[in-house]
Amino acid sequence: MNQKIDIEFPHFISVDIKREDLIHPFISGNKFRKLKYNLVQAKKENQDTLITFGGAYSNHIAAAAYAGKEYGFKTIGVIRGDELESKVLENPTLKFAKECGMQFEFVTREEYRHKTEVFFLENLKQKYGDFYLVPEGGTNEFAVKGCEEILTKEDSKYDFVCTAVGTGGTISGIINSSLPHQKVLGFPALKGDFLNDEIRKFAHKDNWELITDYHFGGYGKVSSELIEFINQFYVVNQVPLDPIYTGKMVFGVMDLINKNYFPEYSKILLIHTGGLQGIKGMNINLKNKHLPIINIDV
Ligand SMILES: *Cc1c(COP(=O)(O)O)cnc(C)c1O
């Protein structure tokens, strides 16, 4: 569903937001798209266990745990940070995943860096038997195929399609199903310049660009200005944004509109990739630091 952002923008610009956050109550937004064909493939391969990876507040871990429960897979989550083992119940994401039946394998940050190497995966096989591996963030060819279903025929009227970027799978799918007159803008939620190459692995077109000015210091980092923007955007538009991805992207697009980045009469589509489950965990951290929190009930 595309929802109009009812703000009067300069230069006759119009902005709609595609509410992918509403496509499933627990397998949120792009994580639903990214898991879909991976689950089909896992069934095809007769696997009954999914193994995947993520950090303490990972939307992907929450989505994979719920998807496993709903579609009959055992799920194992390899979690970055061995200090989290004793804190599962204090962490809303891990608590949710556990309640869905996910088993955790907590590893140090050092071990986590080696998680795709043969010896690490062999160890997991020894422990859990055969499994279907869903990569960190869920990005692979099946994920990209699922994300090609985000844009539909009705979206051909837009000139710009804007999305948050983590590992690059989502934007790759969007690029593949975009039309030649459209430009796809990606807003990385983290620092680093490996993303262009990642996206080129999966995307077959050149009508895209990464806007790298809106990561707010890096992955999971926020400022009070960003939190205030998210709160204000919710009051004005009743659209909840998450602090890790969609909040930064929408902040960026609004800023670019004010800086006259977009031509007159541009029709802009924002992709709401979900991620709202991360608000609870972020608020716990903000409270501990005595910073303003996100005033959205999720
Ligand atoms: C995971 C996630 C992204 C990033 O998707 P990638 O395919 O990894 O680039 C964007 N938005 C939200 C809300 C996410 O949870």
Heavy-atom count around Glu225 CD within 6.0 Å, excluding the residue itself: above 12? no
Taking every heavy atom of Leu291 against every heavy atom of Ser224, the minimum-distance pair comes out as CD2-OG, 4.1 Å
Taking the side chain as every heavy atom from C-beta outward, state whether Leu276 and Ser28 have any atom pair closer than 4.5 Å. no
Would you verify whether the NZ or CZ of Lys183 falls within 45 degrees of the ring axis of Tyr261 while also being under 6.0 Å from that six-membered ring's centre? no
Within a reach of under 6.0 Å around CG of Asn288, are more than 12 heavy atoms found that belong to other residues, nucleotides or ligands? yes
How far apart are the closest heavy atoms of Cys147 and Gly169, and which atoms are they? CB-O, 4.2 Å
Tell me, with the steps shown, if Gln277 and Asn59 meet side-chain hydrogen bond (donor to acceptor under 3.5 Å, both in side chains). CA-CA 7 Å; Gln277 70 86 31; Asn59 296 327; 2.7 Å; yes
Tell me whether the count of non-hydrogen atoms from other residues, nucleotides or ligands lying under 6.0 Å of NZ in Lys115 goes above 12. yes
Criterion side-chain hydrogen bond (donor to acceptor under 3.5 Å, both in side chains) on Asn2 and Tyr158, from CA distance to verdict: CA-CA 11 Å; Asn2 294 356; Tyr158 297 104; 3.3 Å; yes
Would the number of heavy atoms belonging to other residues, nucleotides or ligands and lying under 6.0 Å from NZ of Lys44 be above 12? no
Do Lys74 and Tyr128 touch side chain to side chain, with heavy atoms closer than 4.5 Å? no
Please assess Glu122 against Gln126 for the test side-chain hydrogen bond (donor to acceptor under 3.5 Å, both in side chains), listing each intermediate value before the final yes or no. CA-CA 6 Å; Glu122 273 307 315; Gln126 295 287 328; 4.5 Å; no
Any side-chain to backbone donor/acceptor pair from Asn283 onto Ile294? Under 3.5 Å, distance only. yes
Whether over 12 other heavy atoms sit under 6.0 Å from Glu8 CD: no
Less than 6.0 angstrom from the centroid, inside 45 degrees of the normal: does Lys125 satisfy that with respect to the ring of Phe131? yes
ring-ring contact (aromatic ring centres under 6.0 Å, His included) partners for Phe160, two or more places apart: Phe262
Other residues, nucleotides and ligands only: do more than 12 of their heavy atoms fall within 6.0 Å of CG on Asp206? no
Hydrophobic clusters here meaning ILVMFWY residues chained together by side-chain heavy-atom distances under 4.5 Å, can you tell me if Ile150 and Val144 are in one? no
Do the side chain of Asp155 and the main chain of Ser178 share a donor and acceptor less than 3.5 angstrom apart? no
Tell me, yes or no, whether the heavy-atom count around Lys205 atom NZ, taken from other residues, nucleotides or ligands under 6.0 Å, exceeds 12. yes
Are Glu83 and Arg109 within salt-bridge range, i.e. N to O under 4.0 Å? yes
For the backbone of Ile257 and the side chain of His11, can you confirm whether one donor and one acceptor N or O come within less than 3.5 Å of each other? no
Heavy-atom count check: over 12 atoms from other residues, nucleotides or ligands less than 6.0 Å from Phe12 CZ? no
May I ask you to decide whether Glu148 forms a salt bridge with Lys145, counting only side-chain N to carboxylate O separations under 4.0 Å? no
Going through the distances and angles, do Phe96 and Phe26 end up as a ring-ring contact (aromatic ring centres under 6.0 Å, His included)? CA-CA 10 Å; Phe96 172 80; Phe26 295 110; 5.5 Å; yes
Rounded distance (nearest 0.5 Å) linking atom CG of Leu151 with atom CD1 of Ile271: 5.5 Å
Stepwise ring-ring contact (aromatic ring centres under 6.0 Å, His included) test for Phe106 and Phe104: CA-CA 6 Å; Phe106 291 95; Phe104 298 125; 5.4 Å; yes
Ignoring hydrogens, what is the shortest heavy-atom contact between Thr52 and Val134? Give both atom names and the distance. OG1-O, 2.6 Å
In one Ile/Leu/Val/Met/Phe/Trp/Tyr side-chain cluster, 4.5 Å: Leu185, Leu210: yes
